[in-house]
Structure formats: C-alpha cells, structure tokens
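Following: one structure in structure tokens, then a few remarks.
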Amino acid sequence: MSLDKHIEKVLFSDEAIAERVAQLGSEITSQFSGDSEPPVFVGVATGACLFLADLVRRIDLPISIDYIRADSYASGTVSSGSPRISFDLKLDITNKHVFLVEDIVDTGNTLSCLIEHLKLKKASSVSVCTLLDKPSRRKVHFKLVGDGKFYSGFECPDEFVVGYGMDFAEQYRNLSYVGVLKPECYM
Ligand code: 5GP
Ligand code: MG
C-alpha cells in the first residue's frame, strides 16, 4: 500500500514547504552575512534531517554542519518531558554562532535542554529555526543565547503530524510533505 494512503490530510505540501524554506534561507543568510565568523548549523536528529538538507542549500554563506540528538519520546505520541542528549556534537562550538535546526517545537522541553547544553559548550550565540511550531502546547519558555534569533516555518495546529523527517514509530519520515495520519495507522 502506498504511503499516501495512510494520510488523512496534508497540512503542508511539498510546494508550500519549498517556498517557505527558500524565504527562511534568505532571511537567515542576511542575519549572518555581516559576521566574520560563519555559523555552525546543528540539525536535531533524526526529525530535522530533511529540513536541514533543504535549508542549508538555501544559505549562501560558508557554514559548517553538525548533528545532535536529544531523546524525549519513549514511544507513541506523548513526550516524556525529560529529554537528554544521547548523541553529541563532533565540532567545537566555543565562541561560535550556533544555528539549531528542529523539525517541530511542542512543549519546548527538548529545545530548552538543547539550548542549555550549547550554552555550557560556550556557543557565543544560539539561534533556532524550526520547521513547525505548536505554540498552544508550550510548557517551557526557552531563552536563546546572546543575540540569537528564533525562526519558524509554519504554525502547526495541535495535531500529531508526520512526514518531511517526522515519524510515528520511526515510519513516515520519507514523506515529502507534512500530514496527519489516519487513526487506524496508530493501531
Ligand atoms: P517537545 O520537547 O517540544 O515537547 O517536543 C519536541 C520533539 O517532539 C520534536 O523535536 C519532535 O521530534 C517531537 N514531536 C513533537 N510534536 C510532534 C508531532 O506532532 N509529530 C512528530 N512526529 N513528532 C513530534
Ligand atoms: Mg525533533
């Protein structure tokens, strides 16, 4: 059965994502174009993999790229609320501008844990770009580091979404759009 048949509705199409990613890319390029020290783009694995790949191709600056992983979802669709860093950076970010790339910010627990971690590693600034934001679900108010900025692709309704990197039980990450699963697919 084709993956599309598992999807009840499409929230953000391939075309809408591509257009927004291009806009974000040029905004972010302007943010850093005056800096002598180019930023380190850090993708939050695994969910941000497709977004990171598309976004960095829209950044016209000499950046470097790394990955970090924070685990909070034991399984299913509800966050455990106490994320931990389970895979750390390879690069030294001391005195560097760091640009965290996330798939989705929900309660804010994961982001707040990641920002604190990058602060301890002495990043000179931490900016965040998330593809999706669910502000209605926020529990933790995270603080950016230095003159870091917050970018968000789209505001997401309070629904569990999959696709474009985001999973349910490690499936559906390879959908090229973001959608909501049919209820029978959670069974
Ligand atoms: P938070 O710690 O902000 O509650 O959750 C952040 C992480 O939970 C995200 O990076 C993402 O991996 C996962 N998450 C939150 N909402 C969703 C959703 O609707 N769908 C999927 N697939 N993952 C989500
Ligand atoms: Mg994530």
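As the structure lists them, so they are numbered: ligands from 1, and atoms in each ligand from 1. Everything quoted here is computed from the prediction, not taken from an experiment.
Scanning for side-chain contact (heavy atoms from CB on, under 4.5 Å) contacts around Pro135 gives Asp133, Glu155, with sequence neighbours left out. Checked against salt bridge (charged side-chain N to carboxylate O under 4.0 Å, His left out), Lys9 has the following partners two or more places apart in sequence or in another chain: Glu159.
Side-chain atoms of Asp71 and Ser86 include a donor-acceptor pair closer than 3.5 Å. With hydrogens and angles left out, the side-chain atoms of Asp60 and Thr29 include no donor and acceptor closer than 3.5 Å.
Taking 4.5 Å as the limit, every side-chain heavy atom of Thr130 sits out of range of all side-chain heavy atoms of Leu111.
Interface atoms of ligand 1 facing Thr107, defined by a heavy-atom separation under 4.0 Å, are 1 (P), 2 (O), 3 (O), 4 (O). Each of the atoms 21 (C), 22 (N) of ligand 1 lies under 4.0 Å from some heavy atom of Asp167. For ligand 1 and Asn109, the ligand atoms under 4.0 Å from any heavy atom of the residue are 2 (O), 3 (O).
Of the candidates Asp103, Asp14, Asp54, Tyr164 forms a side-chain hydrogen bond (donor to acceptor under 3.5 Å, both in side chains) with just one, namely Asp54.
Panel detail: the Mg ion (ligand 2) has protein N, O or S atoms under 2.8 Å away, 2 in number.
Under a cut-off of 6.0 angstrom, the local environment of NZ in Lys139 is sparse, with at most 12 non-hydrogen atoms contributed by other residues, nucleotides or ligands.
For the ligand labelled ligand 1, residue Asp103 lies inside the 4.0 Å heavy-atom shell. Judged by the shortest distance from any of its heavy atoms, Glu159 lies inside the 4.0 Å radius around the atoms of ligand 1. By the 4.0 Å heavy-atom criterion, Leu111 is excluded from the residues contacting ligand 1. Contact analysis puts Lys134 in contact with ligand 1, with a non-hydrogen atom separation below 4.0 angstrom.
In terms of polar-atom proximity, Gly108 is counted as a contact of ligand 1, with an N or O under 3.5 Å from an N or O of the ligand.
Residue pairs meeting the ring pair (Phe, Tyr, Trp, His ring centres under 6.0 Å) criterion with at least one member in residues 8-29, sequence neighbours excluded, are Phe12-Phe154.
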